[in-house]
Q: 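Shown below is the structure under consideration.
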Amino acid sequence: MTTLPPLIELRNITYSYPGRTTPILEEVNFSICDERIGLIGPNGCGKTTLFQIIMGLLTPDRGEVLLEGMVMAGEKDFRILRRKLGFLFQNSDDQLFSPTVLEDVAFGPLNLGSTAEEAREISGRTLEGLGLKGFEDRITHRLSGGEKKLVALATILSMQPHLLLLDEPSNNLDPETRERLIAILRGLNQAHIIISHDLDFLASTCSHLYTIDKRRLIPCKEKQIHSHDHIHPYGDHPHQHGT
Ligand SMILES: Nc1ncnc2c1ncn2[C@@H]1O[C@H](COP(=O)(O)OP(=O)(O)O)[C@@H](O)[C@H]1O
Ligand SMILES: [Mg+2]
């Protein structure tokens, strides 16, 4: 029996921002196959930096990023990697750049070689899957924050990535949109890594929890994800667990 290599593997990654003497990440080892992982940690501990390294947007001082067992040796390799990974930015305005929703969502498929007709069909299907049917001609910059977040998600899902990297996706969402996003993520097939401070959101969407502690990425021991049914005196008010 042959075992498949991990979808993404990090080997001994150390990264320092230019001009900084101490690295922000040190000797990071990690792999993901089909897991759904939550990543927590204080502001500034290097979570977004880690995503940028995985995507090849930052080059580590030392160490390697591997895609399906292949070491990514340079920009040419990372271009292949980026076709398989979908990176949802923390700020949707950084992700959306076209005048209309359709143009934004069709951009990826067109870039990957789809015809205009195919790209329109994929985009329509993706938007419908996210409950955004009829949004095609909406003006992107006029959407609400929650709508922008879902459209940004559509722009990466339309490329059918194998792994989703979601940077604080539930930030600033109203409770209804947050619940909708949870339901959407639970319904997807892809592996994902979600950066969030929202532990309930992670409990609903992830099975493993990691954190960055003293510049190293480690499985989170203090907080464990578990699901439970419960009754409490505050009705259906939003509440946090484990904080
Ligand atoms: N381009 C940059 N140049 C120098 N320092 C940076 C840069 N980007 C981020 N940093 C610093 O690196 C640290 C980690 O940033 P980041 O990965 O964004 O943290 P997190 O996502 O965990 O909040 C922070 O202290 C941040 O200020
Ligand atoms: Mg961040």
Side-chain angles (χ1 to χ4, degrees), residues 8-32 35-66 72 74-75 78 81-82 85-97 145-146 148-153 155-156 161 163-173 177-178 181-182 185 190-206 208-223 225 240 242-243:
I8 290 290
E9 187 179 348
L10 304 179
R11 284 192 190 154
N12 303 318
I13 296 272
T14 295
Y15 181 80
S16 322
Y17 276 106
R20 297 276 183 101
T21 42
T22 38
I24 183 78
L25 295 167
E26 202 167 8
E27 296 290 317
V28 167
N29 288 287
F30 170 77
S31 65
I32 180 165
E35 299 92 335
R36 295 171 165 226
I37 290 174
L39 176 56
I40 61 172
N43 289 330
C45 72
K47 304 180 296 298
T48 300
T49 303
L50 186 74
F51 275 7
Q52 289 173 322
I53 291 168
I54 294 174
M55 294 300 284
L57 304 173
L58 293 175
T59 307
D61 312 342
R62 290 191 298 280
E64 289 160 339
V65 177
L66 290 84
M72 299 293 99
E75 180 56 23
F78 275 108
L81 174 144
R82 284 184 212 120
L85 270 56
F87 184 5
L88 186 75
F89 299 153
Q90 186 169 347
N91 183 352
S92 304
D93 288 325
D94 293 339
Q95 196 126 31
L96 303 171
F97 49 81
K148 279 185 186 170
K149 185 60 71 182
L150 294 177
V151 170
L153 182 60
T155 67
I156 64 172
L163 171 66
L164 303 174
L165 303 179
L166 310 179
D167 197 348
E168 306 205 21
S170 68
N171 270 15
N172 303 318
L173 296 184
T177 312
R178 178 180 168 282
L181 183 59
I182 289 172
L185 294 176
Q190 286 98 337
H192 63 221
I193 307 175
I194 302 180
I195 294 173
S196 183
H197 301 291
D198 180 345
L199 292 175
D200 277 350
F201 185 86
L202 293 180
S204 304
T205 52
C206 300
H208 299 69
L209 212 50
Y210 278 72
T211 189
I212 295 171
D213 184 36
K214 298 189 188 75
R215 302 183 291 280
R216 284 177 167 79
L217 180 67
I218 53 167
C220 191
K221 294 221 173 62
E222 296 89 60
K223 297 185 175 72
I225 287 177
Q240 285 272 326
T243 47

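Just so you know, ligand 1 is whichever comes first in the structure, and atom 1 is the first atom listed for that ligand. Quick caveat, the model's predicted, so the values are computed rather than measured.
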Q: On a heavy-atom basis, I'd like to know which of Gly44, Cys45, Pro18 is closest to atom 25 (O) of ligand 1.
A: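 That would be Gly44.
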Q: To the nearest 0.5 Å, what is the distance between CD1 on Ile156 and CZ on Arg82?
A: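 Ile156 CD1 to Arg82 CZ: 14.5 Å, rounded to 0.5 Å.
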Q: Less than 4.0 Å between atom 7 (C) of ligand 1 and some protein heavy atom, yes or no?
A: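 True for atom 7 (C) of ligand 1.
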Q: Taking Arg36 for its side chain and Leu185 for its backbone only, find out whether a donor-acceptor pair lies under 3.5 Å.
A: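 Yes; at least one donor-acceptor contact below 3.5 Å.
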Q: Would you please test Thr49 and Tyr17 for side-chain contact (heavy atoms from CB on, under 4.5 Å) and show each step?
A: CA-CA 9 Å; Thr49 303; Tyr17 276 106; 2.7 Å; yes
Q: Between Thr49 and ligand 1, which part of the residue brings a heavy atom under 4.0 Å of the ligand: side chain, backbone, both or neither?
A: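 Both the backbone and the side chain of Thr49 come within reach of ligand 1.
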Q: Look at atom 18 (O) of ligand 1 and say which protein heavy atom is nearest, naming residue and atom and giving the distance to 0.1 Å.
A: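 Looking only at protein heavy atoms, the one closest to atom 18 (O) of ligand 1 is Thr48 CB, 3.7 Å.
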Q: Go through ligand 1 atom by atom and flag the ones less than 4.0 Å from a non-hydrogen atom of Ile24.
A: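 By the 4.0 Å cutoff, the relevant atoms are 13 (C), 14 (C).
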Q: Heavy-atom contact under 4.0 Å between Gly46 and ligand 1?
A: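 For ligand 1, residue contact (heavy atoms, under 4.0 Å) with Gly46 is present.
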Q: Give the numbers and elements of all ligand 1 atoms closer than 4.0 Å to a heavy atom of Asn43.
A: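 Contacts of ligand 1 toward Asn43, numbered from 1: 23 (O).
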Q: Does Gln95 reach the main-chain N or O of Phe89 with its side chain, forming a donor-acceptor pair under 3.5 Å?
A: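 Present.
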Q: Does some side-chain heavy atom of Phe51 sit less than 4.5 Å from a side-chain heavy atom of Ile193?
A: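 A side-chain contact exists here, since the closest heavy-atom pair is under 4.5 Å.
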Q: Between Phe30 and Leu50, is any pair of side-chain heavy atoms under 4.5 Å apart?
A: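 No; the side chains remain at least 4.5 Å from each other.
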Q: Does the pair Glu27 and Lys214 meet the rule for a salt bridge (Lys or Arg N to Asp or Glu O under 4.0 Å), with working shown?
A: CA-CA 11 Å; Glu27 296 290 317; Lys214 298 189 188 75; over 6 Å; no
Q: Looking only at atom types and distance, does a side-chain atom of Asp167 sit under 3.5 Å from a main-chain N or O of Leu88, one as donor and one as acceptor?
A: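 No; zero donor-acceptor contacts below 3.5 Å.
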Q: In the structure I gave you, are the side-chain heavy atoms of Asn172 and Lys149 within less than 4.5 Å of one another anywhere?
A: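 Asn172 does not reach Lys149 side chain to side chain.
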Q: Could you count the protein N, O or S atoms found under 2.8 Å away from the Mg ion (ligand 2)?
A: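 Considering protein N, O and S only, the Mg ion (ligand 2) has 1 within range.
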Q: How far is atom 26 (C) of ligand 1 from the closest protein heavy atom, and which atom is that?
A: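 Checked against all protein heavy atoms, atom 26 (C) of ligand 1 sits closest to Arg20 NH2, 4.7 Å.
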Q: List the closest protein heavy-atom neighbour of atom 11 (C) of ligand 1: residue, atom name, distance to the nearest 0.1 Å.
A: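 Protein heavy atom with the smallest distance to atom 11 (C) of ligand 1: Tyr17 CE1, 3.8 Å.
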Q: Could you check if a side-chain atom of Asp198 sits within less than 4.5 angstrom of a side-chain atom of Asn171, using non-hydrogen atoms only?
A: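 No; the side chains remain at least 4.5 Å from each other.
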